[in-house]
2 protein chains.
Amino acid sequence: MGERAYNFGAGPAMMPDPVIERIAREWQDFDGGGYSALELGHRSEPFADILARAKADLRELLAIPDSHHVLFLHGGATPHFAMVPLNLAREGQSADYIHTGYWSDKAMAEAAPLANVRIAASAAASEFDRVPDAANWQLDPQAAYVHICANETIGGVEFADYPDTGSVPLVADMSSNILSRPLDVSRFGLIYAGAQKNIGPAGLAIVIVRDDLLHRARAAVPSMMSYARHVEWDSMYNTPAAFMIWVAGLVFEHVKKAGGVAAMQRENAAKSTLIYNVLDGSKLYTNRIQKGSRSRMNIPFFLREPRLETRFLDGARRRGLINLKGHRAVGGVRASLYNAMPLDGARALADYMTEFERRYG
Amino acid sequence: MGERAYNFGAGPAMMPDPVIERIAREWQDFDGGGYSALELGHRSEPFADILARAKADLRELLAIPDSHHVLFLHGGATPHFAMVPLNLAREGQSADYIHTGYWSDKAMAEAAPLANVRIAASAAASEFDRVPDAANWQLDPQAAYVHICANETIGGVEFADYPDTGSVPLVADMSSNILSRPLDVSRFGLIYAGAQKNIGPAGLAIVIVRDDLLHRARAAVPSMMSYARHVEWDSMYNTPAAFMIWVAGLVFEHVKKAGGVAAMQRENAAKSTLIYNVLDGSKLYTNRIQKGSRSRMNIPFFLREPRLETRFLDGARRRGLINLKGHRAVGGVRASLYNAMPLDGARALADYMTEFERRYG
């Protein structure tokens with residue numbers, strides 16, 4: 001076996017070693033049942049337990065109140081760009097969006113034919129270098145909801161804290177920072193998150209939805225796009241991704257053992273600080289995000305010359321620091337530091353950056 | 001490791017041993033890259049190749065003509081119950097459905113708010129003991145499409161061959177019999193199939209769609225429900241289930257090596273014949289499906305007394321014949337014999353059935 005690399009990919013991302021090892025142990029004989037973990041049936045005896053435990057552990061990790069349901073759905077976060085307006089906005093009702101970059105833009109574009117999308121605040125004028133100050137948001141008190149992207153993976157912009165939107169439900173795409181720090185779920189109407197970053201493999205989404213929002217859908221929402229339908233069927237309206245849900249549950253167990261989301265918060269602060277410290281002291285690397293809006297999860301940066309970027313990425317790969325290439329929409333370099341990235345991985349990257357600058361800067 | 005069981009579950013189902021073993025080998029170090037197969041990034045160099053190869057192998061296996069696109073989508077077959085009318089039926093246009101049991105019923109119920117659903121033929125009068133004779137279907141030549149469920153997993157009813165619907169596109173849910181026999185794809189407008197039966201793990205769907213059907217969608221179809229959008233993005237509109245697509249590709253390779261779908265057809269005929277022969281000669285077991293409509297994939301049967309069913313299932317489990325319990329909607333026993341079930345598994349079940357009848361019949 002080759003040495004385990006530090007995988008800085010933005011998702012599907014690095015997973016915790018103990019989870020990968022646990023799956024390996026049960027791969028060919030799940031729970032002594034004579035079948036592979038991948039063949040786990042959703043009507044089997046073990047699976048009912050797996051689903052219940054995964055929900056309970058997520059509730060415990062995020063202190064999710066009884067007012068909110070937990071769902072495990074197919075397909076990542078993107079379906080929710082449409083599901084949120086379909087389920088939460090009445091015909092003609094407006095919906096407020098906070099425009100912080102690429103992903104909030106995608107969410108708006110998808111909602112536009114389905115609801116009266118209003119941009120309540122935008123950082124476009126400063127080229128998305130910050131989260132717009134909540135004091136200046138132009139919220140509509142009659143809006144169906146306020147939508148935010150809690151962390152923009154491409155721009156590298158993250159909400160340091162979450163606004164109070166009063167009686168208007170706050171909806172957040174937390175695909176890239178869920179479980180990375182403690183959260184007051186009671187302040188949210190709905191949270192959705194693709195699992196392939198802080199949780200697990202691509203294909204799964206986590207939804208946390210407040211009960212009173214389930215019955216605002218307009219007629220004829222397809223069942224697979226109805227939160228109410230999924231709650232009614234406890235995430236089993238159609239065959240769930242049983243293996244993926246088992247894996248997500250293993251990650252929850254792992255995070256609990258590692259000290260919960262408070263421990264993740266400390267680790268993530270330490271990891272991202274290592275990288276930002278190098279950037280702040282550098283004449284070679286640039287990251288133009290305002291300090292209060294810097295993402296702890298995804299740190300995009302550029303080198304003074306594109307020619308050096310290729311050299312930087314090649315050298316990184318040779319050291320087992322992989323998938324550092326920036327998103328195709330912006331180029332450059334991007335270091336994703338999700339929960340499963342160990343502190344040693346961030347340190348290895350910071351050291352390499354310093355050394356590279358000394359040599360080529 | 002416990003002995004490998006024969007898994008008769010209806011899906012997530014048994015997978016081919018060589019595929020399970022291959023995944024085990026690459027689990028902790030995929031392609032020597034220092035990461036797990038589960039961490040495979042959809043923008044990584046290996047993945048572009050994996051997706052292209054999976055598509056090419058599926059095309060080769062089913063001789064898919066150039067007129068048709070191949071998609072790998074999230075979420076199994078159920079989303080397509082709504083996607084088919086949303087994409088193929090113009091406002092107010094009728095859509096013909098052939099009613100053969102539980103799953104065609106679900107497809108109709110989901111389509112009903114979205115299109116003018118017409119039942120062109122139904123086996124309800126004979127309690128779904130057959131596929132209605134195509135000679136008696138009342139097709140509307142103006143219909144947007146004709147929808148069939150190629151194999152009803154709960155009833156155990158399968159189309160022995162597929163009808164000619166002339167210029168009206170034929171749409172088939174082939175979740176449970178795709179790749180089980182050769183297929184003339186040119187006769188279909190659209191085929192969709194959840195992967196968790198004949199192909200791979202739960203969470204993935206395969207779609208084969210004729211190019212000229214892509215632009216009939218009414219306005220404001222959510223992107224995740226738009227076939228045109230998925231074709232435009234080559235199954236990468238959002239983060240695809242990269243690991244699952246790799247697994248599906250391994251299954252395609254395996255089927256090719258095993259002789260392709262013609263070999264699967266021979267195996268599946270042999271396996272199902274073993275079970276039907278026991279049923280036909282039995283006074284203990286009953287299956288009431290007409291011979292010409294019997295499913296080769298899912299064989300539901302009942303024992304004379306429910307008390308004996310429990311004993312039958314317990315005894316089967318002790319022999320490593322697992323997941324034989326019938327669907328909760330109908331009870332009884334069900335043997336699913338997808339491609340990955342070896343002939344020896346079907347023989348072990350047939351032998352056990354015979355022995356059980358000798359003892360308790």
Side-chain angles (χ1 to χ4, degrees), chain A residues 1-5 7 9 11-15 20-21 23-24 27-29 32-36 38-44 74-79 81-83 86 110 113-114 194 196 200-204 219-220 222-225 237-244 247 320 322-323 328, chain B residues 1-5 7 9 11-15 20-21 23-24 27-29 32-36 38-44 74-79 81-83 86 110 113-114 194 196 200-204 219-220 222-225 237-244 247 320 322-323 328:
Chain A
M1 178 183 144
E3 208 170 328
R4 182 126 166 103
N7 179 358
M14 195 162 180
M15 298 193 61
I20 294 296
E21 285 155 17
I23 301 169
W27 185 253
Q28 283 175 295
D29 188 21
Y35 55 91
S36 165
L38 198 61
E39 298 165 325
L40 175 65
H42 66 300
R43 304 269 175 222
S44 70
H74 293 289
T78 302
F81 296 168
M83 289 169 73
L86 281 173
E110 189 68 25
L114 305 168
Q196 75 273 18
L204 196 69
S223 294
M224 289 296 285
M225 294 217 140
Y237 177 69
N238 76 333
T239 306
F243 170 72
M244 297 298 198
V247 173
I322 66 171
N323 291 331
R328 71 209 134 82
Chain B
M1 179 183 143
E3 209 171 328
R4 183 128 165 100
N7 179 357
M14 196 163 181
M15 297 191 61
I20 294 297
E21 285 154 19
I23 300 169
W27 185 253
Q28 285 175 295
D29 188 22
Y35 55 91
S36 164
L38 197 62
E39 297 165 325
L40 175 64
H42 65 299
R43 303 269 175 222
S44 70
H74 293 289
T78 302
F81 296 168
M83 287 169 74
L86 280 173
E110 190 67 27
L114 305 168
Q196 73 273 17
L204 197 68
S223 294
M224 289 296 286
M225 295 216 140
Y237 177 69
N238 77 334
T239 306
F243 169 72
M244 298 299 197
V247 173
I322 67 171
N323 292 330
R328 71 208 134 80

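Quick note: numbers below take in every heavy atom, side chains included, and nothing from hydrogens, waters or symmetry partners. Lettering follows sequence order; numbering is per chain, from 1. All figures in this text were calculated on a predicted structure; none of them were measured in a lab.
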| field | Nearest heavy-atom neighbours spanning B:Gly75 and A:Asn238 | value | O-ND2, 2.9 Å

| Any side-chain heavy atom of B:Met244 sitting closer than 4.5 Å to one from A:Met244? | yes

| Would you say A:Phe243 and B:Leu38 make side-chain contact, with heavy atoms under 4.5 Å? | yes

| Which portion of B:Ala82 sits near chain A, non-hydrogen atoms under 4.5 angstrom | side chain

| request: Determine the minimum heavy-atom distance between A:Ala242 and B:Pro12, stating which atoms define it. | output: CB-CG, 4.5 Å

| task | Please report the closest heavy-atom contact between B:Thr78 and A:Tyr237, naming both atoms and the distance. | result | CG2-CE2, 3.7 Å

| remark: Closest non-hydrogen contact found for B:Leu86 with A:Pro222 is CD1-CG, 4.2 Å

| said: Less than 4.5 Å to any heavy atom of chain A: does that hold for the side chain of B:Ile322, its backbone, both, or neither? | reply: side chain

| Looking only at heavy atoms, which two atoms of B:Tyr35 and A:Arg4 are closest? And how far apart? | CA-NH1, 4.0 Å

| query | B:Ala13: what forms a side-chain contact (heavy atoms from CB on, under 4.5 Å) with it, not counting sequence neighbours? | reply | B:Tyr338

| Is there a donor-acceptor pair closer than 3.5 Å between any side-chain N or O of B:Glu39 and the backbone N or O of A:Met15? | yes

| remark: So CG of B:Leu40 and CG of A:Asn7: to nearest 0.5 Å the spacing works out to 10.0 Å

| note | When the 4.5 angstrom heavy-atom criterion is applied to B:Leu204 and chain A, the contacting part is neither

| So, do B:Met225 and A:Met225 sit near enough that their side-chain heavy atoms are less than 4.5 Å apart? | yes

